[in-house]
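Scroll down for the structure; my scribbles are underneath it.
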Amino acid sequence: MFSKVNDAEFITGEHTVLKFWNERHIFQKLRAKNAGKQPWSFLDGPITANNPMGVHHAWGRTYKDSFQRYWAMNGRDLRYQNGFDCQGLWVEVEVEKQLGLGAKSAIEEFGIDKFVQECKRRVLKYAAIQTEQSVRLGYWMEWDSPEELRKLASAIGTETPVTLTTPKGITETAPAEALVSRLGNPDWGGSYFTFSTENNETIWTFLKKCFERGKVYRGHDVMPWSGRGGSAYSQMEVADGRKLTTHRALFVRFPLLDDAGQETNENLLIWTTTPWTLTSNVAAMINPELDYVKLQSKKDGLVYYFAKDNLEFQRLAKEFKEGFGRPEWQWPKGTPKLKTLSQIFKESGGYEVLDTVKGEALVGRQYRGPFDELAAQKDPRGEWQPAPSQNIAADKDTDELAIANLDRLDLFCESLGIAIDESNIQQVLLPEDLKKLAKDTLARLSQHLKCHQAGIFRQEVPEFSTLQQAQLFFKNLGYRSNILEEFYLNYERSRNDHSADLSKMVLTKLHEFLEELPAQLYRNKWRTAAEQHRVIDGGRDFKGTPNVVAGEGTGIVHCAPGCGDIDHHIGLQWGLPVLAPLQGDGTFKSTFGPFTGKNAVHPETVQLVIDSLKEKGLLVAEEKYPHIYPFCWRTGDELVFRLVDEWFINMDWRDEIMGVTKQIQWLPDSIQGQEREVEWLTNMRDWMISKKRYWGLALPIWEDPETGDFEVIGSLAELKERALDGGEGWNDFQGHTPHKPWIDGVKIRNPKTGNLMTRVEDVGNPWLDAGIVSFSTMGYNTHPDMWKKWYPADLVTECFPGQFRNWFYSLLSMATMMDGTPPFKTLLGHRLVMNEQGQPMHKSDGTAIWFEEAAEQIGVDAMRWMYLQQNPASDLRFGTRHPEEKVTLETVNGPTNTTIDGVPTCKVTSGPADEVRRQVLIPLWNSYAFFVNYARLDEFDPNAAVVPVAERPEIDRWLLSNLQALIQQVRAGFEAFDTPAACAALARFIDDLSNWYIRRNRRRFWRSKDTGDLDKRAAYQTLYETLLTLTKLMAPMTPFLAERMYGNLTSGQPNAPESVHLCDYPTADESLLDASLNRRMSLAQTVVRVAHKLREVADQRVRQPLAELRFATLSAEDLISISSLKEVIADELNVKAVSGFESLGHIVKYTYKPNLKTLGPKYGKLLNAFREELPKLPSDLLEGLRRGQTINATVGGEAVTIGPDDVLIGADQAEGWVAGDESGIQVALSTTLTPELVKEGMARDFIRHIQQARKDANLEIQQRITVDYQTSEPIVAEMLKEWSDLISSETLANEITPASGLSGKPVQVGEAEVIITIK
RNA sequence: GGGCGUGUAGCUCAGUUGGUUAGAGCGCAGCCCUGAUAAGGCUGAGGUCCGUGGUUCGAAUCCACGCACGCCCA
């Protein structure tokens, strides 16, 4: 017997279901049921275990859970392993805050070991929290018990043994560190933690493979650096610490040199706010498109170049008046307004503008640097770390440019693609040949440069389109030979002067140039900074705006590749030497003469720079310059940019990764994931895998401090062997996880030198941790059979913006290196969760919605449906958090007014969730409630003899047929990872069920209980079957609601599985699928829809019966189809008669329009004539078309043949009828009312009002009443004479009596006003 | 600067190989239905289909150029 169903109360219902699952161990039963069957492999992307979950995490987790539930119901075996991302700076930052540690040195004082244990503790704490939240979402995974995780968290860092019970029921007793290092291993079960030893060790395996292929190398990068903090900062941290400050800014001249290397009286004028960086100057950057003035100072006759716009530019004029964008950032008192350059030169004796040139003209000019006397400037290599030399060799081999012996000019020409020999060299002079020569030369230059690029410069080589462009490129590269110039001049001359000698000269110079080019390029590598000072193109940033602009400076920017981010990038592009002046503590290195040991940002250092420049006569002017500058948010010190050593993986095997990428299905299609990933792979740089921090993967790189030799170790076993074989420190390390600081004590012997090798200090990039999981979590090293079973994953899913270069990238590249295969078959990406206005939600302004706030206010089923129905390619506008409205949440553990992390809980509203409830969940629930509540009254027995479907009424067969179609659609949706399609199909079906089937069939359920007729039983059985199937279909999507409905529908059914999630997923019964029935019903629904519209037009409410509806169709078949459903139509529309006609010509005026789609191809240009003339053809002729005949007519003066398909027929207004049409079906509705019809309409109104009154009075369905009414209209009594029996039986009224003195609001019965009361 | 994508109703978005009167949901206005329904249905108002030019009998759709926005890259 079913339990009575009341309001849905979705959220408390979810709580009940959670308890039910828990108490009955449903998840465990599901796993047992499918154990050992065909696997379906899902690989979870690790969630950062550093904060509680927000609603944005729930989207992906809903996909993950729904697909797993779907495949489990299809009998597949699953791993159910969740993942936590545990290592990295994000954890360190939070732990530092928590412990009040201000700087890197503070961490070291605190103790790296204790710090690392704190990081583990935090991760375990949040893993426990996220586990609880995920359980609330209904996310079925093999979860570790949150209590066990908390137990480990509190014990970490102590030696006391702890007893851990794992999800697979194994108990182990050991110190927490040892237990934690093994979390997630296949024997224990439970979530994987990327800090586990297996995860870290598998990354070692990967890095070893990279090393064996010669891909690991040491390079460098320039990072924001805090001297006192002793650490590099991320962009985010930098943004936090910005402050307004005043620097001593300098205008400095760099004397330009002539071709012979002698100083001229011309100078570049540069400007800097960081004087200390001048010590490491290498180049000067200009913007080639900008105009530069050539200005002569009257004081000493020196000539200066700087941006023309800067001469009169009022620098910081706006900031002087308005400040720097924040109220507290006003122009500092005592700092004078900035002078224009014009003013500065006027004050020192005046100036004269000699000329204006484009920046392009300066490119390649050499100059004398401001601190060339320093040893660092004379070091031939600077800090440049060449890429592995074998790469350069390899690239040289691919240089296909055949530089043949000059004696065989013909061969050379041939290599350039010009067929010619020396005997007819005259032909070279033909303009076409010159053109071709120029074109081919440029192409060859591009190709040639690309071949020699590696290890020398990084600038992308364009396909040169002009010789000037090529020349400029070479100048940027510091190419100093004049051969190119000569070639260029000869080429220009030969275009006008066709002589064989000149022609030969062109080819000779070209040959010489190409021959010399590599030597020139490689020579640059060994030139000192002092020898290489030159003007270069400053390039553009990622937005395409030039790095160098006129305005604040001089339009010439001094470039110190070891001291600035842009400088570094541009420097690498053009192959400049990199001078790194600073040590880790922010002081100068020993190669910087008088600066050695001085702090870069100390005022004394600035003074020293100024004094030195003055002495050399290079200081043009000095000023106080206020600006926003980054400071260390911990120490308050000014940040500097510092060159740091980093470790890289050379990604020159990108083609292999692309090959793997292309074997994967990337969803959704519209996002072009594969193309994006391939594009990223095409453009990406080498992978920087190191980070100068404490908590993370210990990079398994051991270095010989003397020679710089390094080795990558592939496993702890290998390390142990090496450490015990002549190394040291293994015994002290043993018993600890391979993290800093413990691992750092292990040393190995360099077989080449016999020196001890020490591990590099760095930790790893955290994307290594996440990228290895397709190997580590499936046991690649330790459980190879298991790995073979589960690899590759059938699905991974993740929020995609950003992941193409993060997780997806690391998964793909690591799998390519490890196994050469795709780590997953399908990737389903989804976009971001936004607020209702489409804006991002922020933690800081209180608009971020926490998971539990949404779960306990919106309901998890509604949330899940929202995610699943959302197009994954679009942002989801989830809802709004109202930070000012605090609320108390009723959770499964009782009321709370804070989130799991202690934030006060606030009101959350969501339009989309309301809609889901209104359109899907409530109609479904109401359908279910309708069934259950009538079935209870009727004592319907689900086990009663089944009425064969074939014997059930057509509408039952229609519903069941539609249900089979639905099963197919939902299955197809899941299998294509297209949940929106599945949701849409379900929503449509639920609408049909509720608003068509149930509404149409209500009366079949009302008949008194002892009737016991087959028709009624058929109705119950049809609806029961449908609802039960729906619960199974929806179980993966709305697991709670489905479980509740299923539980009640199957109560007292001993053979039914105890949970909907233990059922098999429904399979369509094709024998019940009746496409023609579905089509017929859909036609009838069309007729009904049109007729409803017509009632609207005629202003006739549905309760008013009408005499007749007539319809006509294009095909006889449709006419029969609709006729078969006449009763349905009549009843639905409240008309007395429904009749089908071949033509409605007698009551309807037909309109004919040309079907352009079919006529277009046949008659093309006549179409306009068709449009005009066809409707005007004689109506008897056109009528033939309606009967399916082909007619001949004259259109546009031409004889044409028109078939029935060539016209579109519509129905227009007629007299006494209203008429309309849709999709070829014409419908006419009689509007003439007889007194009988009017009275019947009144009766229906009367019933309706009584029913409303019953409802308002909350009467039970079966309760009987008496009715009083009062009216001044005699027609009411007349109506009742005829209709009181019906009214009484419909409303369970014992009597209907006229009365007087009734109070209450009169209601409309037909035209009459009546007061009706019930009791 | 290069590549990719997007531009359709107040908002969010569909729109098939080019075809007639460009659709849906939300919101707004009105009406209707309802003894399962705190739901639902219908109608209406609301459109320079980003702009310009081209191809075509016919363009939201195809092509070219431009504009705006987004993403990726350097």
Side-chain angles (χ1 to χ4, degrees), chain A residues 5 7-8 289 458-460 462 539-546 569 573 670-672 675-677 679-680 682-685 800-802 804-805 831 836-838 870-871 873-877 911-912 914-915 917-934 990-991 994-996 998-999 1002-1003 1005-1006 1023 1088-1097 1099-1104 1132 1134 1153-1171 1196 1207-1208 1210 1244 1247-1248 1250-1256 1258-1263 1290-1292:
Chain A
V5 174
D7 282 350
E289 283 146 40
R458 287 193 184 165
Q459 176 73 333
E460 195 180 326
R540 289 165 187 268
D541 70 6
F542 67 94
K543 283 177 192 152
T545 45
H569 281 297
Q573 278 176 15
S670 63
I671 229 64
Q672 298 181 298
E675 287 83 345
R676 281 203 207 190
E677 191 64 52
E679 193 190 327
W680 159 255
T682 309
N683 294 316
M684 70 183 181
R685 301 258 189 100
F800 57 68
F804 292 104
R805 58 173 191 279
R831 278 198 63 96
E836 229 155 335
Q837 281 68 49
Q870 173 73 11
N871 174 358
S874 307
D875 289 337
L876 171 59
R877 299 175 166 220
D914 293 343
E915 202 182 317
R917 241 177 273 115
R918 275 206 323 268
Q919 296 194 320
V920 183
L921 303 185
I922 292 175
L924 174 67
W925 184 264
N926 288 332
S927 304
Y928 155 77
F930 169 83
F931 168 81
V932 167
N933 291 338
Y934 279 94
I990 290 170
D991 183 58
S994 168
N995 285 321
W996 189 254
I998 295 184
R999 203 160 46 78
R1002 268 187 307 226
R1003 283 164 187 277
F1005 296 85
W1006 291 349
L1023 187 51
V1088 168
R1089 193 164 47 243
V1090 174
H1092 273 304
K1093 203 184 302 184
L1094 296 176
R1095 272 190 173 272
E1096 177 86 14
V1097 171
D1099 196 20
Q1100 290 295 343
R1101 66 196 190 282
V1102 176
R1103 280 191 299 269
Q1104 175 60 60
E1132 180 66 24
N1134 193 18
K1153 282 194 242 172
N1155 184 358
L1156 301 180
K1157 200 166 183 171
T1158 59
L1159 289 170
K1162 286 189 238 169
Y1163 295 110
K1165 292 193 176 165
L1166 280 177
L1167 247 59
N1168 278 331
F1170 265 101
R1171 220 186 283 228
V1207 288
L1208 300 166
R1244 304 264 309 234
I1247 293 170
R1248 163 84 191 105
I1250 296 172
Q1251 304 289 38
Q1252 188 61 47
R1254 287 186 62 110
K1255 200 171 162 187
D1256 293 345
N1258 273 327
L1259 297 186
E1260 288 297 318
I1261 295 173
Q1262 64 274 29
Q1263 191 167 346
E1290 284 290 309
T1291 63
L1292 302 184

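A, B, ... follow the sequence lines: proteins, then strands. Residue 1 opens every chain. What you are looking at is a predicted structure, and each value in this text was computed from that prediction instead of being measured.
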Who pairs with B:rU61 - Watson-Crick or G-U, where each distance is under 3.5 Å
none

Under 3.5 Å, is there any donor-acceptor pair linking the side chain of A:R1002 to the base of B:rU34?
no

Near A:K1157 NZ, under 6.0 Å, is it more than 12 heavy atoms from other residues, nucleotides or ligands?
no

Among B:rC32, B:rC4, B:rC71, the nucleotide that comes nearest once only the side chain of A:Q672 is considered
B:rC4

Give a yes-or-no answer on whether the side chains of A:R1244 and A:N1134 include a donor-acceptor pair shorter than 3.5 Å.
yes

Given that A:D875 and A:R831 both sit by RNA chain B, which one's nearest nucleotide is further toward the 5' end?
A:D875

Nucleotide of B:rU34, B:rC72, B:rA38 approaching A:R805 most closely (side-chain heavy atoms):
B:rC72

Looking only at atom C1', what distance separates B:rC71 and B:rC65, rounded to whole Å?
23 Å

Provide the distance between the two P atoms, one in B:rG41 and one in B:rC4, to the nearest whole Å.
43 Å

Side-chain atoms of A:R1101 come closest, of B:rU37, B:rC4, B:rC32, to B:rC32

Please give the distance between the C1' atoms of B:rA22 and B:rA59 as a whole number of Å.
12 Å

Sub-3.5 Å donor-acceptor pair from the side chain of A:R1095 to the main-chain atoms of A:Q1104, do we have one?
yes

Integer angstrom distance from the P of B:rG70 to that of B:rA64:
24 Å

Whole-angstrom distance between B:rC42 and B:rC26, as gauged at atom P:
10 Å

Short side-chain N/O contact to B:rC33 OP1/OP2 from A:R999, under 4.0 Å:
no

What's the gap between B:rU16 and B:rU20 when it is taken at their P atoms, as a whole Å value?
12 Å

Using Watson-Crick or G-U wobble geometry with both distances under 3.5 Å, which nucleotide pairs with B:rG44?
B:rC28

Rounded distance (nearest 0.5 Å) linking atom CG of A:L1023 with atom CD1 of A:I998
5.0 Å

Distance below 4.0 Å between A:R1103 side-chain N/O and B:rU34 OP1 or OP2
yes

Can you tabulate the close N/O pairs, meaning under 3.5 Å, that link protein atoms to atoms of nucleotides 40-45 of chain B?
from   : atom 1 : to     : atom 2 : distance (Å)
B:rG40 : OP1    : A:R918 : NE     : 3.3
B:rG40 : O2'    : A:N995 : OD1    : 3.2
B:rG40 : O2'    : A:N995 : ND2    : 2.7

A:V1102 side chain, from C-beta outward: closest of B:rC32, B:rA14, B:rC73:
B:rC32

Nucleotide forming a Watson-Crick or wobble pair with B:rU6, both distances under 3.5 Å
B:rA68

Rounded to the nearest Å, what distance is computed from the CG atom of residue A:L876 to the P atom of nucleotide B:rU12?
14 Å

Ignoring backbone atoms, test whether A:Y1163 places a side-chain nitrogen or oxygen under 4.0 Å from the OP1 or OP2 oxygen of B:rC57.
no

Protein-nucleic acid N or O pairs under 3.5 Å, nucleotides 15-23 of chain B:
from   : atom 1 : to      : atom 2 : distance (Å)
B:rU17 : O4     : A:K1157 : NZ     : 3.0
B:rU20 : O2     : A:P1154 : O      : 2.9
B:rU20 : N3     : A:P1154 : O      : 3.1
B:rU20 : O4     : A:N1155 : OD1    : 2.7
B:rU21 : O4     : A:K1153 : NZ     : 3.0

Taking C-beta and beyond as the side chain, do A:D875 and A:Q870 meet within less than 4.5 Å on heavy atoms?
no

At a cut-off of 3.5 Å, list every protein nitrogen or oxygen paired with a nitrogen or oxygen from nucleotides 61-63 of chain B, distance to 0.1 Å.
none

Kindly indicate whether the side chain of A:S994 and the base of B:rA36 share any N or O donor-acceptor pair separated by less than 3.5 Å?
yes

Nucleotide paired to B:rC13 in any strand shown, Watson-Crick or G-U, under 3.5 Å:
B:rG23

Nearest-angstrom distance, P atom, B:rG51 to B:rG7
13 Å

Please state the C1' separation for the pair B:rU6 and B:rC49 - nearest whole angstrom.
14 Å

